[in-house]
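All remarks here apply to the structure that follows.
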Protein chains: 2
Amino acid sequence: MMKQAIVMRTDLKMGKGKIAAQACHASLNAYKKADRYDKRKWEHEGQKKVVLKVGSEKELLKLFHEIKNTTSLPCTLITDAGHTQIEPSTRTCIGIGPASDKEIDAMTGHLKLL
Amino acid sequence: MMKQAIVMRTDLKMGKGKIAAQACHASLNAYKKADRYDKRKWEHEGQKKVVLKVGSEKELLKLFHEIKNTTSLPCTLITDAGHTQIEPSTRTCIGIGPASDKEIDAMTGHLKLL
């Protein structure tokens with residue numbers, strides 16, 4: 001099975017709409033980086049998505065760099081322009097995949113659902 | 001200016017993570033339906049996204065059919081498989097665009113931000 005994971009910071013106290021918009025940025029940008037075969041497989045399986053949480057920027061960046069340095073997973077870090085609710089250039093979330101459940105779980109299995 | 005709008009039901013009492021995942025489905029599916037030129041323009045402008053709300057399925061479907069019947073906007077209705085939190089085959093949200101602010105506002109200008 002394939003999935004896409006979004007990892008969202010909870011310490012920014014963003015509202016529901018803001019969280020959803022940031023997740024959409026991450027989802028679309030990670031999708032564009034994914035392998036064509038993986039995208040098709042994920043689409044045929046119903047486009048499973050999970051939204052996970054971290055409690056700080058430090059934790060978010062640590063995960064992002066671990067994924068970048070140790071895997072070939074498509075992964076994107078979202079920086080908000082900060083027009084609304086939060087400071088400019090705030091890192092809000094990362095998008096990972098679509099890729100296999102197994103590969104994504106190896107990096108995110110310790111995180112809880114948002 | 002270009003934007004993409006997500007219109008989300010609030011009456012389903014979905015959690016933040018569920019809302020974010022549904023919004024991602026809508027964002028990606030509407031993006032895939034959009035005109036190539038509109039996508040590029042939107043990407044160059046920073047991929048503006050807004051998340052709006054409606055209070056019922058009736059209101060969601062009315063808007064979806066109005067858009068389908070009276071415009072050529074890329075628009076997608078998301079039906080949740082219902083594995084978690086909500087009943088199977090629940091319509092949760094719609095994704096509209098990327099398209100021009102003006103065209104999207106003509107259909108959604110009366111809605112409030114989520």
Side-chain angles (χ1 to χ4, degrees), chain A residues 1 3-10 12-34 36 39-40 42-43 45-54 76 78-85 88-89 92-98 108 111-114, chain B residues 1 3-10 12-34 36 39-40 42-43 45-54 76 78-85 88-89 92-98 108 111-114:
Chain A
M1 283 287 289
K3 72 178 168 190
Q4 184 179 59
I6 311 294
V7 181
M8 184 71 57
R9 281 175 68 183
T10 54
L12 295 169
K13 310 293 176 203
M14 296 180 283
K16 284 178 285 192
K18 183 84 186 177
I19 288 173
Q22 297 298 312
C24 291
H25 287 310
S27 175
L28 191 54
N29 289 9
Y31 174 83
K32 285 187 205 160
K33 287 175 188 253
R36 184 184 297 189
K39 287 193 241 197
R40 293 243 176 95
W42 178 63
E43 283 158 0
E45 289 177 359
Q47 304 191 32
K48 184 175 167 189
K49 294 188 187 80
V50 291
V51 186
L52 306 166
K53 62 182 174 182
V54 291
T76 180
I78 300 302
T79 302
D80 189 67
H83 299 303
T84 55
Q85 290 192 28
S89 302
T92 56
C93 60
I94 61 181
I96 314 160
T108 64
L111 300 175
K112 290 193 176 155
L113 288 172
L114 177 67
Chain B
M1 282 287 289
K3 72 177 167 191
Q4 184 179 59
I6 311 294
V7 181
M8 185 69 58
R9 282 175 66 184
T10 54
L12 295 169
K13 310 292 176 203
M14 295 179 285
K16 284 178 286 193
K18 183 83 185 177
I19 288 173
Q22 297 298 312
C24 291
H25 288 310
S27 175
L28 191 54
N29 290 8
Y31 174 83
K32 285 187 203 160
K33 287 175 188 251
R36 183 183 297 189
K39 286 193 240 198
R40 293 243 176 96
W42 178 64
E43 284 158 359
E45 290 177 0
Q47 304 189 32
K48 185 176 167 189
K49 292 188 187 82
V50 291
V51 185
L52 306 167
K53 61 181 175 183
V54 291
T76 181
I78 300 302
T79 302
D80 189 67
H83 299 305
T84 55
Q85 290 192 30
S89 302
T92 56
C93 60
I94 60 181
I96 312 161
T108 64
L111 299 175
K112 290 192 176 157
L113 287 171
L114 179 67

Write down the atom of B:K49, the atom of A:C24, and the distance for their closest heavy-atom approach.
->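 Result for this residue pair: CD-CB, 3.5 Å.
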How close do A:G17 and B:V51 get, heavy atom to heavy atom, and via which atoms?
->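 Reported closest heavy-atom pair: O-CG2, 3.5 Å.
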What part of B:K32 is in contact with chain A, defined as an atom under 4.5 angstrom from a non-hydrogen atom: side chain, backbone, both or neither?
-> side chain
Under 4.5 Å to a heavy atom of chain B? For A:E43 that would be side chain
From the list B:H25, B:Q22, B:K16, the residue making the most non-hydrogen contacts under 4.5 Å with chain A is B:H25
